[in-house]
Every structure is written in structure tokens, then in C-alpha cells.
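As C-alpha cells, the structure follows; a few thoughts come after it.
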Amino acid sequence: MDIMRTHYASDITPEMDGDTVTVAGWIHEMRDLGGIYFLVLRDRGGFMQITMVKKKTDPELFDSARRLIRESVLTVTGTVKREDKAPRGYEIIPQTLSVLSESDSPLPMDITGKVDADIDTRLDSRFIDLRRRKTLDVFVIRHHALKAMRNFLENEGFIEIHTPKVVAAATEGGTALFPITYFNREAFLNQSPQLYKQIMMSAGFNRVYEIGAIFRAEEHDTLRHLNEATSIDIEASFMDHLDVMGILERLVHEVYAQVAVDCAPQLEELGIELSVPKLPFKRVSYDDALEIALSEGHTIEWGEDFGTAAERAIGNAIGEHYFLTDWPTEIKPYYTHPYDDKPVYSKSFDLMHPRMELASGSQRIHSRKILHEMIEAHGLNPDGFDFYLKAFQYGMPPHAG
RNA sequence: GUCCGGAUAGUGUAGUGGCCUAGCAUGGAGCCCUGUCGAGGCUCCGCCCCGGGUUCGAAUCCCGGUCCGGGCGCCA
């Protein structure tokens, strides 16, 4: 246990009646009823009520408690008292109470849930926003989701890697990169582990994954896009896109199932009812999806990507998680493997939630010659890809991710 | 980038030309109150984004700017 406390809020039970404990946390609220004074102390695990009856409390302690400022950091040493009228069946009767850090007042936003704050206000005062229970819940859920993914991938024989984040060249077209100064040279923040995880395939690592930060300098302005995000990438050798889809759908299923169990209190607090998607996910080819979009009145030419509205129409028609497969080769990245017998289509997929895209993948081209041609066909300069193309010269297995 | 919409106490909002010396909630200061758990009651404190313009008169209408939200686009 920490040196300044003996218990967290979540450790204390009514059965500990009579025990002396030292707790620490932030002052969440106080309620002054005159003859009795309640102080609600918050730590990561929850809340605890500190109760002081005026007649039974040292006057100096009682007065100092009444002068406290919300969100100050406090340690309290006191006696646990079983009390049916108290929130969790117990309260703490303090002997000593010391302020470790006094808060300013007033607070930049309400954190008790009485008054909402706009997202902008919340981010401007993120240090306070992070104290809100619901914000913590999001972090807890995120943590459990990541843990479930790592467990799953580990069991599937994947090893976790971290690829370079400071890179030499703007390797591709498409998304813009953030330029930075690398000593006296220009460098960029990496937008994807793609090229590096493929190089790991040439090295025989067989199955790798990375969960890490990516940076994209797009001036897009939607709720679904961030300039700094966390990406989850896998790459595996001797596999095609169908194998990857199999792994991915089980991964997604597993994460939902684990989070539903591990984060039941957080989900309830946030009012989220999580439904675990059923396996296997539907496979819908690009051509079939195009037909759905057209029948819903959207105008899209074969070979075009679906817009937001069309994507949503398709999602509504299907109603659950699905794979959008066999995309036209020309709208997929240069490393996407075409079908040998029908090269205008590619061995590719997007994983879709009815309302948005979750992931995309494909079998990769593993022939250096074809890859070189495809880079040129996409209007890119192969010279910039030298470090990448070399990995395809000395034994690159078929792979997908 | 573009099209809509918006900006009022610390926070969230009401107010569409004079009734605004700007209402409410939350908050802060203080007082009352012995079982609160969004405690309650009373008193007080605190706000019209910036710059121009129209008008006898602007929080309100017009123009420009800045910032924010939503839709679309952009997005290996």
C-alpha cells in the first residue's frame, strides 16, 4: 500500500467497523447540515464519506474541515464506522485530517455531473475533466480492450513490435505527414507501421502486431478522424486476406466479449449496452455493396469509393458487423495483391461497423518486381522506397495483414 | 476546404430592437439547519467574443474577424 494511506475506498467494508484507516484522495463534495458535516472523498476506486458530528468532534478539527476547498488533496486518518444511513454502509470518523494540496476556487468546470460542459471546455481543463467518473470509465474500458487484444494475439502466436516513428521520407502519396527537424535534416512522424511490419515478414518473424501512435497531417474535420491516433496493426506470413479476416473477426468478438465482462460497471455508468457481435461476420463483396448503394438511390461509378451516406445505407441494409471484400485494385494501396485470375479485383477487405469503417487489410504483393511496378503505377517515386523494396529481394514470403 | 448553425457569469443555458440595472440552474462568499447522498432555506457575488456600421435606442439587425458545433469532402 502507498506510504500515505492504508486503504482505498474500494477496500473498506462495513465489516471493518472499529478499524483505524488512513485514506487519501480529492474532496469531491461537502454537505454541511450544521450539527453534522459530511465530506465526500474520492480516490480512483470510488467515494468515501467522512462524517463529523459537531458535538462529538474536536472544535478545531470541525472548523478546519468546514473551511476546506473542493478538489483539494487530503489524507484522513479515522475510524471505520458501520452505518446503514451512510452511502456504502460505512463512514469514517476522522481523528486527523491534513491538506496535502489545496485547490483553487472556483473550479473551471463541474465534475460532479450537475452541470454539463462542452467538449471544448472539457479539453481546455482536461486535468479536471479526467477526474470525472465517466472520463475514467472510458480509460478503464480502453485499457481492458487493449488487454484483451494483446491476450488474444499472444495466444495466436503474434509478437508485439514497435516500428520507427521518426522516418526519413514521405514514403507515399495519400495522407500528409507531419514534418519535423531531425538534428539538421528534415524527417517526418510516421503515419503507419505498414512498411516496417512488412519488412518483419521478410525477416521471418511470421506473426507480428503493433499497437501504437500514428500521425496524419490531414486537415479533416470530423468526429471520426484524429491527427494523432492509436492504430492496431497485424501482419502475418503465409496467409491471405481470408486468413486475416478470420483472425480479425475473432479478435473483435473477443474484445467485445471481454469488455462486456470486465467493464460491466463502467458500461452501466456510461449507459452503454454492449452487444457482442456474432461470428462469423458477413462477407459482402464490393460489387454486391455497390448494388445495394445503387438500389438505395446513391450514384457511384464502379471503381469509386463509397461516400459517407452510401456507406451508411449499406450498413443499414446489413445491420451488423461485416467485411466489405474484393475491392477494385485501383482504389487500394499499391501493395495490395490483385487476384491472379481477375486482376482488376484485389484480395482486400474493410471491416465495417454499420456506422463506420473499423479496419482494412489485404494480402500484400510479395514480388519485388510487381511491387515496383505498382508503386510507379500509383504515381510514386520508387527511389523513396528503396529501404522497403530491398526487403523483397532476398526471400519475402507471401503475407497479409 | 465547403455548406449550415452558434458564441451571454467559472460551468450549462433563457432572452430576436426600448419592458435587460440581462432571467434560471450550477458555482463562490456568508448565515440557519444532527443523516446528507444532485440535501434544503435565506442574503450577497459574478456574464452579453472582438472590431466597424445601422438606429433616438443594439445582447438582439448588418458587415468583417476569431473561435466552437453539425453535415459533406479530404483521409495507404
Side-chain angles (χ1 to χ4, degrees), chain A residues 28-42 46-57 62 66-67 69-71 81 83-91 103-125 128-129 132 170-177 190-195 197-198 214-227 229 231 233 298 304-312 327 329-336 346 348 350 356-357 359-362 364-365 374-375 378-380 385 388 401:
Chain A
H28 191 67
E29 284 182 290
M30 48 270 254
R31 293 187 199 92
D32 185 355
L33 275 66
I36 188 165
Y37 180 77
F38 301 106
L39 193 68
V40 181
L41 201 63
R42 182 188 72 245
F47 302 97
M48 49 215 142
Q49 178 168 286
I50 316 295
T51 303
M52 277 164 270
V53 174
K54 190 174 187 177
K55 282 190 210 156
K56 298 181 186 168
T57 308
F62 193 82
R66 289 183 62 173
R67 282 196 303 274
I69 297 168
R70 289 168 65 206
E71 291 305 314
K81 186 183 164 206
E83 175 55 71
D84 292 340
K85 284 177 278 188
R88 262 148 292 273
Y90 75 86
E91 59 196 10
S103 171
D104 250 356
S105 177
L107 297 166
M109 55 176 278
D110 171 59
I111 72 163
T112 63
K114 287 175 198 159
V115 182
D116 287 336
D118 290 342
I119 186 68
D120 201 43
T121 305
R122 291 175 52 196
L123 293 175
D124 281 348
S125 296
I128 287 286
D129 180 54
R132 295 167 62 240
T171 49
E172 303 157 51
T175 207
L177 296 168
N190 205 184
Q191 57 171 292
S192 161
Q194 180 65 32
L195 274 35
K197 65 181 185 170
Q198 284 191 264
I214 55 167
F215 305 91
R216 299 188 174 183
E218 288 297 332
E219 294 185 17
H220 34 45
D221 203 0
T222 76
L223 264 182
R224 299 177 297 284
H225 295 88
L226 293 168
N227 295 303
S231 85
D233 267 87
H298 298 275
E304 277 182 346
D305 205 345
F306 302 107
T308 310
E311 197 174 281
R312 208 160 285 164
W327 289 75
T329 305
E330 59 180 279
I331 52 168
K332 281 292 169 185
Y334 59 82
Y335 50 74
T336 308
S346 62
S348 60
D350 279 8
M356 68 187 104
E357 178 188 334
S360 64
S362 64
R364 322 300 192 187
I365 294 168
M374 291 298 275
I375 288 171
H378 277 76
L380 300 165
F385 294 88
Y388 171 63

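Each chain gets a letter, A, B and so on, in the order its sequence line appears, and its residues count up from 1. Just so it is clear, the values below take in all heavy atoms, side chains as well, and ignore hydrogens, waters and symmetry mates.
Nucleotides B:C62 and B:G5 have their P atoms positioned 11 Å apart, rounded to a whole Å. B:A58 and B:G52 are spaced 14 Å apart, taking the P atom of each and rounding to whole Å. Taking atom C1' on both B:U55 and B:G70, the two are 35 Å apart, rounded to the nearest angstrom. Comparing the P positions of B:C47 and B:C24 gives an interatomic distance of 15 Å, to the nearest angstrom. For the P atoms, the distance from B:G27 to B:U66 is 37 Å, rounded to whole Å. The separation of B:C45 from B:G10, taken at their C1' atoms, amounts to 12 Å, rounded to a whole angstrom. Between B:C37 and B:U16, the distance separating the two P atoms is 36 Å to the nearest Å. With both ends at atom C1', the span from B:G23 to B:A39 equals 25 Å, rounded to whole Å.
The residue A:P108 sits close only to the backbone: its heavy atoms come under 4.0 Å of sugar-phosphate atoms, none of a base. Contact annotation for A:A309: no contact, since no heavy-atom pair falls under 4.0 Å across all strands. Among the protein residues, A:D118 comes within range of the sugar-phosphate backbone only, with heavy atoms under 4.0 Å from sugar or phosphate atoms but none that close to a base. Among the heavy atoms of the strands lying under 4.0 Å from A:E91 is at least one base atom, whether or not backbone atoms are also near.
Contact of the A:P193 side chain with the A:S231 side chain is registered, since non-hydrogen atoms from C-beta on lie closer than 4.5 Å. With contacts defined as side-chain heavy-atom distances shorter than 4.5 Å, the pair A:T336/A:T329 does not qualify. Residues A:F385 and A:Y334 form a side-chain contact, since some pair of their non-hydrogen atoms from C-beta on lies under 4.5 Å apart.
Although no hydrogens or angles enter the test, the distance criterion places a donor-acceptor pair under 3.5 Å between the side chain of A:S346 and the main chain of A:W327. Of the possible donor and acceptor atoms, none in the side chain of A:H28 sits under 3.5 Å from a partner among the backbone N and O of A:I111.
The interatomic distance linking A:K114 (NZ) with B:G38 (C1') rounds to 6 Å, in whole Å. The CZ atom of A:R70 sits 14 Å away from the P atom of B:G38 (whole-angstrom rounding). The distance between atom CG of A:N227 and atom P of B:G1, rounded to the nearest whole Å, is 13 Å. For the pair A:M30 CE and B:C37 P, the interatomic distance rounds to 16 Å; values are reported in whole Å. Rounded to a whole Å, the CD1 atom of A:I36 is 12 Å from the P atom of B:C37. Taking atom NE2 of residue A:H298 and atom C1' of nucleotide B:C72, one finds them 13 Å apart after rounding to whole Å. Protein atom NZ of A:K54 is 12 Å distant from nucleotide atom C1' of B:C31, rounded to whole Å. Atoms CD (A:E304) and P (B:C75) sit 13 Å apart, rounded to a whole Å.
In terms of phosphate contacts, A:T308 brings a side-chain nitrogen or oxygen within less than 4.0 Å of OP1 or OP2 of B:G73. The side chain of A:R31 contributes an N or O atom lying less than 4.0 Å from OP1 or OP2 of B:A39. At B:G30, none of the side-chain N or O atoms of A:R66 fall inside 4.0 Å of OP1 or OP2 (strictly under the cut-off).
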| Step-by-step salt bridge (Lys or Arg N to Asp or Glu O under 4.0 Å) determination, A:K54 to A:D32 | CA-CA 10 Å; A:K54 190 174 187 177; A:D32 185 355; over 6 Å; no
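Base pairing in RNA chain B yields stems of at least 3 consecutive Watson-Crick or G-U pairs, both distances under 3.5 Å, namely B:1-7 with B:66-72, B:10-13 with B:23-26, B:27-32 with B:40-45, B:49-53 with B:61-65.
Considering NE2 of A:H378 and CD of A:E330, their distance stands at 8.5 Å, rounded to 0.5 Å. Atom-to-atom distance recorded for A:Q191:CD and A:R216:CZ is 5.5 Å, nearest 0.5 angstrom.
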